[in-house]
Amino acid sequence: MAGFPVFRMSSSTSNPPRPAQGLDRFAAQIRAGLADALSLPPEAISLDRPRDPKHGEYAFPCFRLAKERKMAPPALATWLEEQLNLDGIGVQRVGPFLNFRIEPMPLAKAVLPDAASEGFGSGQEEGTILVEYSSPNIAKPMHIGHLRTTVLGAALSRLFNHLGHRVVRINHVGDWGSQFGKLVAAWNRWGDPDQLEAEPIEHLLELYVRYHQEEKEDPSLPQQAREVFLELESGQDNPTRQTWRQFTEVSLAAFEKVYQRLNTEFDFVRGESWYEDRLDQTLDFLQQQDVLELSEGATIVDLSEQGIKTPCLVKTAHGTTLYATRDIAAALSRWQEFTFDRCLYVVGNEQKLHFQQLIGVLRKAGCDFADRIEHISFGLVRFAEGKLSTREGRVLRLSEVLDRAVELALEVVQEKNPEHPEPHKVAEQVGIGAVLFHDLKHLRNKDVVFNWKEVLSFEGETGPYLQYSRVRTAAILRKAGRPVPEVQTIDYQHVAEARDLMVALGRFPIALREAAEKREPMILAQQLLAVAAAGNAFYRDFRVLGSGQGVEDARLVVVDAIRRTLDIGLNILGVPIPETM
RNA sequence: GCGCCCGUAGCUCAAUGGAUAGAGCCCUGGAUUUCUAAUCCAGUGGUUGCAGGUUCGAAUCCUGCCGGGCGUGCCA
C-alpha cells in the first residue's frame, strides 16, 4: 500500500435548510412578522423560549434593539405589539417583553399531523458522521464506566441517523498495547487453561491484578512484559500472538452478550490491532511531514506552538508504539476510508489531553480534517468510596448492574401485575430501561457518583416512567378495537384543549435538533419526560374511549401521536419498549 | 506547581446573558364504580461555594479565593 497522501479537506458539506416541523412552524412566522415590522432580515431576530409557560411559547425581549434605536424597551414592545398581526398567534406585551402564545386550534392543526406521521422529527441532513464508542479493553470485564460511552455513543448514532446523516459506528476495542505484554507474561507464569475455559474474563482479570501486585517486588516481571509485547508487535505468528488471539476471542464473545442486552450494534468492531500494519507508514508519514523529534530516547511530536505543553509520544525508548500512535494511524485510515464530515470519539473526560494531542499532531502534519474530529467527553463514574481501579481489582461489572436492575424489576412486576404472562421478559426490558435512561438523563460532562438507589429507581423521572406512559397509550389503542383514524379526518375542535400536550409534542423536533447539535442526548431525554408528563395529564383530563364518535376519533389520534413520539425517542435512546407491564 | 472539568432545594439534577431560579426523589395531605395508581394533583423546601468586576440585566461571562474530581512524556 502506498504511503498516506497529505490530507487536504474536500469542500465541506452544506445541509439543505430543514423544513420546519411542529412548533418550529410558528417560530418562522413570528420571526418574519417581527422582521417585517422592524425592517430587519429574519435571521437577525432571535426568539427566546420563556421559562414560565404562562408567557406563551415564544418571547422577544426588546432590550437590545431598543438600545440600538434609542427607545425605552417597554415602549418598543408596545409599538411592536400594535404593529404585529399574526394569524393564529396571540401577541402580548409584558413590560419589555413581547410574548407569543399560539392559539389552540392552529397549534393542534400544526403539531398533530407532524406528530401522527411516520418519522416525526426526522430530517434529510447529509454528510457522514463517524462515531467511536464503547471501546472496552479485552481481558477485562465491562464495568460501569463503559455504560456511559456505550449508551451515549449508541444514542448519538441513532439520533444522527434519524436526522438523515450517514453514520458509521466503530467499536475501537483495546486489544493492543503493553498491557497485553503484561497479561501474557502473567499468563505464562500463572495461567490455568481450565480456568480460562470456565470463566475466561474472571481468570484474565485475576492474572492482571496479580501482575500488578507482584510487579513491585519482582523486577524481572516488567522486563518480561516488555519482551513479550515486543514479540507481539513483531508481527510474527508466535505463541505469544496465539495466546493473545485467544484472549481476544473470549473477550469479544463476552462483550457481545452485554451489547445485545443494551440493544447496541456497531458497523465495525475493530481493535487497535486492526491498525497494526499501518503503524510503520504512519510513523513514516509523520517523518515526511517533518513533525517528529527525538527526546530522551523517545520519538515525540512537539505541540507547544499549539499551546499544548505535553508533547505527544509516538514511540517509546524501547521501540514500541503507544496508544497515541495507534490512534493517529486509526484517524488517518478512517479519513482515507470514509472521508467523514465529523468524527466523534465518545470517550471520558480524563482523556481530554490525549485527544488534544491527536488533533494537534494531525494538524501539525498538515491534515486539515483534524478540525472535523471531536472529543465527546463525559464525566467519570465514581463510587462514594473512591475511584474504580481495574488494577486493584475494584470493579463493578456492568452485567452485575444490569442483573440487579432486572431482578428488582421482576419483583416490581410481580407485585404490580401478578397476572402478567411474561414477567421475565418485561423485567428485562424495565430493568435495562431504568439503568440506561438514568445514564442518559444527565448532562454528559458531569461526574456521577454511582448510587444503587437511584439507578434502580422506577418512579418519577425514570426509564420505566416513560415505558409505563407508552404502555398506557398502547392499552387505549388496543381497547379501541379499531384502527386509528386518519389525522386529516378529525375535528381539531375536540383536541384543542390539550394545549400543554401539543406544545410538548411540538417541541420534540426542536429537542432532537438541539440534542444532535450539542451532542447531548439528555435534551431528548428531558423532552420525552415532558411528553410523557403531558400525556399522563391528558389521560386524566380527557376520557378517550366512549367519548362520542367525533371526539373519540380525535383523541385516538392524539394518543397515537404520543405513542409514536415516545417510540421514536425511546428507540433513539435505546430504551426497550414493552407492550404491557 | 501547572492545565481542564465541576460546585444550584435535605438528596439527584434542570435552567440559548433575560421575567417570580424549576423538576424528580424524600416528607405531608389528597385523587380510582369506566382507557394500567410504575400515574395524577397540592404543600414544605434557595444568600445558585465565597468575594469582587462587566452589563439595562449574571446561576450563566471575567478575575481572585475555597472545596471536590481528573490530567500532567515512555499506561490506555
Side-chain angles (χ1 to χ4, degrees), chain A residues 46-52 54-55 59 61 63-64 66-67 72-73 94-97 99 135 137 174 176-179 182 272 295-300 307-318 320 322-324 326-327 347-354 356-357 377 379-380 382 387 390-391 409 412-413 415-417 430 434 438 441-443 445-449 451 453-454 457-469 471-480 514 518 522-523 526 529-530 532-533 535-537 539-547 555 559 580-581:
Chain A
S46 70
L47 293 175
D48 270 13
R49 169 180 170 174
R51 262 207 279 240
D52 190 334
K54 81 182 179 201
H55 291 133
F63 302 100
R64 187 159 304 133
K67 197 173 188 181
V94 179
F97 291 90
N99 294 326
S135 310
N137 292 323
W176 207 248
S178 56
Q179 57 174 320
K182 296 173 186 175
E272 292 181 69
S295 168
E296 298 168 33
T299 307
I300 67 161
I308 302 168
K309 288 178 186 167
T310 313
C312 181
L313 270 76
V314 294
K315 205 168 187 180
T316 67
H318 304 290
T320 56
L322 291 153
Y323 180 50
R326 299 186 286 276
D327 250 1
V347 180
N349 260 333
E350 67 276 12
Q351 293 198 37
K352 193 154 197 156
L353 177 60
H354 167 71
Q356 285 174 349
Q357 290 176 327
S377 62
L380 191 75
R382 304 193 339 268
K387 198 187 168 182
T390 311
R391 288 183 186 186
V412 176
V413 173
E415 176 207 325
K416 306 250 183 198
N417 193 351
V430 170
H438 177 263
K441 75 172 175 180
H442 306 117
L443 288 167
N445 206 32
K446 301 197 178 183
D447 287 357
V448 295
V449 175
N451 181 330
K453 190 164 175 282
E454 280 167 36
S457 165
F458 301 154
E459 291 173 15
E461 296 174 333
T462 65
Y465 171 78
L466 294 177
Q467 293 172 320
Y468 175 78
S469 306
V471 160
R472 289 183 73 182
T473 63
I476 293 172
L477 296 173
R478 198 169 48 241
K479 287 182 181 173
E514 275 186 25
K518 294 181 177 166
M522 168 271 199
I523 294 171
Q526 297 293 335
L529 289 171
N536 288 322
Y539 312 136
R540 177 199 64 214
D541 293 335
F542 306 104
R543 170 87 197 168
V544 176
L545 301 179
S547 55
R555 289 180 181 169
V559 171
T580 57
M581 62 192 269

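Protein chains get the first letters and strands the later ones, always in sequence-line order, with residue 1 at the start of each.
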_I need a per-nucleotide contact map over nucleotides 34-45 of chain B, read 5' to 3'. Cutoff is protein heavy atoms under 4.0 Å; write B for the base, S for backbone only, - otherwise._
SBBSBSSS----
*Look at the side chain of A/Ser295 and decide which nucleotide, out of B/A15, B/G73, B/A76, has an atom nearest to it.*
B/G73
_Rounding to an integer number of Å, can you tell me how far A/Leu380 CG sits from B/G68 C1'?_
12 Å
*Side-chain heavy-atom pair A/Thr299, A/Leu313 within 4.5 angstrom cut-off*: no
_Pairwise C1' distance, B/C56 and B/G3 [rounded to whole Å]_ = 36 Å
*OP1 or OP2 of B/A14 sitting under 4.0 Å from any side-chain N/O of A/Lys446?*
yes
*asked:* Can you tell me if A/Phe63 is stacked onto the base of B/G18, using a 5.5 Å centroid cut-off and an angle below 30°?
replied: yes
*asked:* Whether the side chain of A/Asn417 engages the backbone of A/Met581 through a donor-acceptor N/O pair (distance < 3.5 Å, no angle test) should be reported.
replied: yes
*Do the non-hydrogen side-chain atoms of A/Leu322 and A/Val314 ever get within less than 4.5 Å of each other?*
no
*Could you check whether A/Arg326 gets within reach of a base, just the sugar-phosphate, or nothing at all, counting any heavy atom under 4.0 Å?*
sugar-phosphate
*Which of these nucleotides, B/U72, B/G18, B/C11, is closest to any side-chain atom of A/Glu454?*
B/C11
*Report which part of the nucleic acid A/Asn99 touches: base, sugar-phosphate, or nothing (heavy-atom distance under 4.0 Å, all strands).*
base
*A/Asn445 side chain near A/Ser377 side chain, heavy-atom distance below 4.5 Å*: yes
*Kindly point out which of B/C75, B/C70, B/C74 is positioned nearest to the side chain of A/Ala317?*
B/C74
_Using whole Å, what does the distance between atom P of nucleotide B/G3 and atom NZ of A/Lys309 come to?_
6 Å
*Please say whether more than 12 non-hydrogen atoms of neighbouring residues, nucleotides or ligands are located less than 6.0 Å from CZ in A/Arg478.*
yes
*Would you indicate what A/Pro96 reaches in the nucleic acid, counting non-hydrogen atoms under 4.0 angstrom: base, sugar-phosphate, or nothing?*
nothing
*asked:* From C-beta outward on A/Leu322, which listed nucleotide comes closest to its side chain: B/G18, B/C2, B/C75?
replied: B/C75
*Who are the ring pair (Phe, Tyr, Trp, His ring centres under 6.0 Å) partners of A/His55, not counting sequence neighbours?*
none
*By nearest nucleotide on RNA chain B, pick out whichever of A/Ser457 and A/Leu313 is the more 5' one.*
A/Ser457
*Taking side chain as C-beta onward, heavy atoms only, is A/Leu529 less than 4.5 Å from A/Gln526?*
yes
_At less than 3.5 Å, do the side-chain atoms of A/Thr310 and the base atoms of B/G3 form a donor-acceptor pair?_
no
*When the distance from CD of A/Gln357 to P of B/C4 is rounded to whole Å, what number comes out?*
15 Å
*If only side-chain N and O atoms of A/Ser178 are considered, is one of them under 4.0 Å from the OP1 or OP2 phosphate oxygen of B/A76?*
yes
*d(CG, A/Leu466; C1', B/G24) in whole Å*: 12 Å
*Return yes when atom NZ of A/Lys441 has more than 12 non-hydrogen atoms of other residues, nucleotides or ligands closer than 6.0 Å, and no otherwise.*
yes
_Nucleotide of B/A19, B/C70, B/C56 approaching A/His55 most closely (side-chain heavy atoms)_ = B/A19
*Give a yes or no answer on whether the side chain of A/Asn536 reaches the backbone of A/Ala532 with a donor-acceptor pair at less than 3.5 Å.*
yes
*Kindly indicate whether the side chain of A/Met522, heavy atoms from C-beta on, has any atom under 4.5 Å from the side chain of A/His442.*
no
*Which nucleotide in the list B/G18, B/C6, B/G73 gets nearest to the side chain of A/Pro311?*
B/G73
*Taking NE2 from A/His438 and P from B/G24, how many angstroms apart are they, rounded to a whole number?*
16 Å
*Please confirm whether the backbone N or O of A/Leu545 pairs with a side-chain atom of A/Arg543, one donor and one acceptor, at under 3.5 Å?*
yes
*asked:* Give me the distance, rounded to whole Å, that separates B/C35 from B/A19 when you measure between the C1' atoms they each carry.
replied: 40 Å
*Give one of base, sugar-phosphate or nothing for A/Glu296, where a contact means two heavy atoms less than 4.0 Å apart.*
base
*B/A14 C1' sits how many Å from A/Glu514 CD, rounded?*
13 Å
*asked:* Roughly how many Å apart are B/C13 and B/G73, using the P atom of each and rounding to a whole number?
replied: 31 Å
*Kindly indicate whether the side chain of A/Lys441 and the base of B/U12 share any N or O donor-acceptor pair separated by less than 3.5 Å?*
no
*asked:* Rounding to an integer number of angstrom, what distance separates B/G68 and B/A15 when you compare their C1' atoms?
replied: 23 Å
_Using a 5.5 Å cut-off between ring centres and planes within 30 degrees, is A/His354 stacked on the base of B/A76?_
no
*Tell me what A/Lys518 touches on the nucleic acid: a base, only sugar-phosphate, or nothing, going by heavy atoms under 4.0 Å.*
nothing
_If I pick the C1' atom on B/U44 and the same atom on B/G29, what distance separates them, to the nearest angstrom?_
11 Å
_Taking the side chain as everything from C-beta on, heavy atoms only, tell me whether A/Glu459 gets closer than 4.5 Å to A/Tyr465._
no
*Contact class for A/Ala59 (heavy atom, under 4.0 Å): base, sugar-phosphate, or nothing?*
base
*5'-most contact on RNA chain B: A/Met522 or A/Gly297, nearest heavy atom basis?*
A/Met522
*asked:* Counting Watson-Crick and G-U wobble pairs with both distances under 3.5 Å, what is the dot-bracket string for RNA chain B, 5' to 3', using [ ] for crossing pairs and | for pairs to another strand?
replied: (((((((..((((....[...)))).(((((.......))))).....(((((..]....))))))))))))....
*Would you kindly give the CD-to-C1' distance between A/Gln356 and B/G71, to the nearest whole Å?*
10 Å
_Span that lies between the P atom of B/C5 and that of B/U63, in whole angstrom_ = 11 Å
_Exam field: side chain A/Asp447 to backbone A/Gly379, donor-acceptor pair closer than 3.5 Å_ = no
*Rounding to a whole Å, what distance do you find between A/Arg382:CZ and B/C5:P?*
17 Å
*For B/G64 versus B/U72, give the span between their P atoms, rounded off to a whole number of Å.*
24 Å
*Expressed as a whole number of Å, how far does the P atom of B/G43 sit from that of B/C61?*
32 Å
*Using a heavy-atom cut-off of under 4.0 Å over every strand shown, decide if A/Gly174 touches base, sugar-phosphate, or nothing.*
nothing
